[in-house]
Q: 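One structure, pasted below without further comment.
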Amino acid sequence: MSSHGDPIPMTSRKCGPLKGTALVPGDKSISHRSLILGALTVGETKISGLLEGDDVLDTAKAMRAFGAEVTHHGEGEWTVNGVGVGGFAEPENVIDCGNSGTGVRLIMGCMATSDITATFTGDASLRSRPMGRITDPVALFGAQSYGRKGGRLPMTIVGAADPVAVRYTVPMPSAQVKSAVLLAGLNVAGDTVVIEKEATRDHTERMLAGFGADITVENTDEGRVITLKGQPELKPQTITVPRDPSSAAFPVCAALIVEGSDVLIPNIGLNPTRAGLFTTLREMGADLTYENEREEGGEPVADLRAKFSPNMKGIEVPPERAPSMIDEYPILSVVACYAEGKTVMKGVKELRVKESDRIDAMARGLEANGATIEEDEDTLIVHGMGPGGLPGGATAEARLDHRIAMSFMCAGMASKEPVSVDDAGPIATSFPVFEPLMEKLGAQLVRTSA
Ligand code: S3P
């Protein structure tokens with residue numbers, strides 16, 4: 001079932017060369033943070049290029065429920081009139097974050113140090129995901145949480161009336177947890193310190209600094225030590241959201257595996273905490289180039305050009321690269337089917353607690369379509385079949401996971417027989433224009449009946 005309606009089964013069949021320009025939507029991580037930080041600011045924050053996927057729209061609704069005025073003006077154009085740090089009102093109803101782990105976890109962090117109570121829920125995927133990674137640190141600030149067994153949603157958080165600043169080492173590589181703790185620290189007197197052993201995406205740190213918070217980052221033997229001075233007065237901003245490298249991954253990878261393809265994907269953020277997939281693809285021998293490299297809003301940006309790459313070789317992806325490409329392993333495992341030799345992905349156990357268990361979802365779907373896969377708790381190994389690629393011919397389960405659905409649709413663009421997914425509906429959470437965008441490049445996607 002889709003998170004927002006009936007299942008949409010979809011089939012992708014071998015297509016001719018993918019050609020043209022792909023304008024992918026705004027970055028999902030930065031879109032959530034733009035709305036949330038705008039809501040914590042007194043005055044008007046202007047946002048352009050906001051991703052209008054279901055995940056971000058659910059965060060917009062949540063910010064309204066906490067008292068911010070969030071207005072849609074036109075495609076990607078939004079304003080937020082916020083309530084200021086510590087100004088959240090108590091929501092009158094349950095907050096439904098749909099499919100979005102980022103939305104619910106950041107918002108839980110944000111409200112946990114205000115004297116209010118809120119109850120959160122989401123779709124079946126989100127209700128199965130662990131929230132203890134948020135409730136543990138917010139308890140240190142003084143918040144209480146009441147959820148289902150295993151720390152699952154629905155869950156009520158009673159915010160701390162007199163929160164105390166904390167020093168917290170994030171136990172797993174997670175930008176969501178790091179961000180939740182920092183956002184909680186905003187409404188607390190004194191310094192909140194967050195330590196991460198491995199660097200994860202740093203949008204929260206960059207954007208908090210941009211909104212005027214006093215935040216410093218030090219690289220030490222302990223890891224990245226982030227210190228945030230509490231109770232700042234955040235200043236409204238004008239934000240242009242860069243295009244999402246995690247969405248760019250799909251047209252890039254499809255172009256690499258479909259014979260004769262040549263696709264330009266302009267304006268992609270290449271923040272090193274997000275660009276691990278592109279490094280990996282280049283190491284595999286992909287014809288992927290960066291054109292017009294530049295800086296925008298303090299972030300490295302380039303236009304990506306991806307061409308059919310018949311000579312890719314499987315590699316061992318260094319485990320320490322995982323945080324910088326954590327959302328890209330599903331599509332990498334598709335590309336790996338079209339390379340010669342084994343692609344070994346180690347240090348990827350966090351994939352088991354994403355929108356679905358992504359190791360299992362990719363392994364089962366690729367096997368059904370004729371690939372040979374090995375896996376353990378923390379590893380995924382794909383045996384490549386060269387440019388002749390995947391046999392295809394089967395339906396994969398999307399498991400309410402947008403990136404699983406898009407990965408199998410890309411796989412089918414080059415496989416011998418078509419590849420199907422049982423439900424392409426979740427694609428709307430992060431890449432609502434995936435279907436027309438890929439079709440315009442030349443893909444053949446067909447909605448099939450259930
Ligand atoms: C995100 C962090 C990552 C990523 C997710 C977006 C964020 O999750 O998978 O899609 O915006 O902070 P984790 O923090 O669970 O690794």
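In listed order, ligands and their atoms are each counted from 1. Along the sequence shown, residues carry numbers from 1.
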Q: Mind listing the closest non-hydrogen atom pair of T379 and I359 along with its distance?
A: O-CG2, 4.1 Å

Q: Give the residues near ligand 1 by chain and number, with the criterion being a heavy-atom distance under 4.0 Å.
A: K28, S29, R33, T102, P173, S174, A175, Q176, R201, I326, D327, K354

Q: In chain order, what residues pass the side-chain contact (heavy atoms from CB on, under 4.5 Å) check against R152, with sequence neighbours excluded?
A: P130, R148

Q: For a quick test of your reading: what N or O donor-acceptor pairs under 3.5 Å do the side chains of residues 77-87 make, sequence neighbours left out?
A:
{"from": "W78", "atom 1": "NE1", "to": "E52", "atom 2": "OE2", "distance (Å)": "2.8"}
{"from": "T79", "atom 1": "OG1", "to": "H73", "atom 2": "NE2", "distance (Å)": "2.7"}
{"from": "N81", "atom 1": "ND2", "to": "E44", "atom 2": "OE1", "distance (Å)": "3.0"}

Q: Any luck finding a side-chain donor-acceptor pair between R127 and T121 under 3.5 Å?
A: no

Q: Applying ring pair (Phe, Tyr, Trp, His ring centres under 6.0 Å), can you list everything that pairs with F141, at least two apart in sequence or on another chain?
A: none

Q: Over 60° means perpendicular and under 30° means parallel, so tell me whether F88 and F66 are parallel, tilted or perpendicular.
A: parallel

